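Predicted, not measured: the structure shown is a model, and the values here were computed from it.
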Amino acid sequence: MSVAAGSRVLDLASSFGRPAVPLAKELPHVSISATDLSPASAPLVHKYAASQGVTNVIAQTVDAQDLTDFSSNSFAAVTCSYGFMFMPDLDKALQEANRILQPGGLLVATVWAEVEKCHNMQAFQGLAKALMGPKFSFTTPWPITDPHELQQHIQAANFEKVTCAEYSHNFQYPIDGFVRLLIGPHSQLKPMLDKLQAAGNNDIYQQAAQALKDVCATHGWLQRGAGVVHLNNTALLFTAVKT
């Protein structure tokens with residue numbers, strides 16, 4: 001991404017600092033504001049930035065749907081990596097991004113594609129059904145996977161020159177690391193697992209770990225001898241310009 005020296009870039013839903021910190025390292029003469037709704041994000045961003053020797057990142061607790069902390073027309077670019085799909089009011093978040101961008105400013109955003117193209121989410125789905133039964137009602141945590149629908153939302157927020165490109169992420173995890181990712185302390189399944197444990201199933205976490213390994217093996221993602229999971233997820237990359 002090409003941004004003039006002295007410009008500002010706003011990263012939404014930064015989590016632990018991606019892409020804010022890598023961008024700051026690539027663009028040392030640009031100021032990056034890393035924002036996230038969770039107060040836990042800022043310390044993680046600062047830790048990541050320090051580990052990379054990056055000093056041009058400012059981490060703030062900010063709701064992407066309410067960017068009143070920032071003046072209109074004050075940023076050269078807005079980035080959002082896998083964040084817009086979790087926002088209750090997507091249109092408001094896009095309108096706010098448009099407001100704080102300078103004329104000609106760039107929006108760059110990624111979202112995951114549908115479940116059928118995301119092995120991570122298929123594993124999540126398979127684990128939930130293995131634990132709760134085949135009739136368990138599963139919905140993805142993101143409502144928009146149709147590129148045409150998201151393009152309409154972006155255009156409705158007064159962006160132009162909207163582009164969309166589909167690309168693949170290939171992941172390799174040690175199986176134990178993948179288990180921690182899906183059923184660890186930050187997993188979306190943790191509340192369900194804790195509830196089952198409180199109801200008397202003291203072995204639920206061990207059962208979940210084995211069920212997840214079985215799901216991966218059934219799909220052919222797990223090399224049991226090597227203990228490695230190979231996953232492919234499809235994502236959508238959007239760009240747009242404020243006129």
### Summary
By salt bridge (Lys or Arg N to Asp or Glu O under 4.0 Å), Asp214 pairs with (sequence neighbours left out) Arg224
For [X] and [Y], indicate whether the former's side chain and the latter's backbone hold a donor-acceptor pair under 3.5 Å.
{"X": "Gln122", "Y": "Glu116", "answer": "yes"}
{"X": "Asn120", "Y": "Asn233", "answer": "no"}
{"X": "Thr234", "Y": "Ser168", "answer": "no"}
{"X": "Ser41", "Y": "Ser38", "answer": "no"}
{"X": "Ser14", "Y": "Thr35", "answer": "yes"}
{"X": "Glu160", "Y": "Gln155", "answer": "no"}
{"X": "Asp36", "Y": "Ser15", "answer": "yes"}
{"X": "Arg180", "Y": "Pro185", "answer": "no"}
{"X": "Asn56", "Y": "Leu27", "answer": "yes"}

### Query
CD1 of Ile204 to CG of Leu193: how many Å apart, nearest 0.5 Å?
6.0 Å
### Query
Side-chain contact, heavy-atom cut-off 4.5 Å: Val30 with Arg8?
no
With clusters defined by side-chain heavy atoms of hydrophobic residues (ILVMFWY) lying less than 4.5 Å apart, directly or transitively, does [Y] cluster with [X]?
{"X": "Phe16", "Y": "Tyr173", "value": "yes"}
{"X": "Val179", "Y": "Val228", "value": "no"}
{"X": "Val78", "Y": "Leu37", "value": "no"}

### Message
Can you confirm whether or not the ring centre of Tyr167 sits under 6.0 Å from the ring centre of His169?
### Response
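That pair passes the under 6.0 Å test.
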Indicate whether any N or O donor in one side chain lies under 3.5 Å from an N or O acceptor in the other, for [X] and [Y].
{"X": "Asn170", "Y": "His230", "result": "no"}
{"X": "Lys92", "Y": "Gln65", "result": "no"}
{"X": "Thr163", "Y": "Thr239", "result": "yes"}
{"X": "Asn232", "Y": "Lys117", "result": "no"}

What's the shortest heavy-atom distance between [X] and [Y], and which atoms?
{"X": "Phe75", "Y": "Leu10", "result": "CD2-N, 3.5 Å"}
{"X": "Ala13", "Y": "Gly83", "result": "CB-CA, 3.8 Å"}
{"X": "Ile58", "Y": "Ser31", "result": "CD1-OG, 4.3 Å"}
{"X": "Val62", "Y": "Asp66", "result": "CG1-O, 4.0 Å"}
{"X": "Glu96", "Y": "Leu67", "result": "OE2-N, 2.6 Å"}
{"X": "Ala235", "Y": "Tyr82", "result": "CB-OH, 3.5 Å"}

### Query
Which is it for Ser72 and Arg99 under the side-chain hydrogen bond (donor to acceptor under 3.5 Å, both in side chains) test, yes or no, and what are the steps along the way?
CA-CA 5 Å; Ser72 299; Arg99 179 185 64 79; 3.1 Å; yes
### Message
As a test of understanding, state which of Thr243, Leu101, Val241 forms a side chain to side chain contact (heavy atoms under 4.5 Å, CB included) with Phe159.
### Response
Leu101
#### Entry: Test side-chain hydrogen bond (donor to acceptor under 3.5 Å, both in side chains) applied to Gln197 and Asp203, step by step
CA-CA 7 Å; Gln197 190 175 56; Asp203 298 325; over 6 Å; no
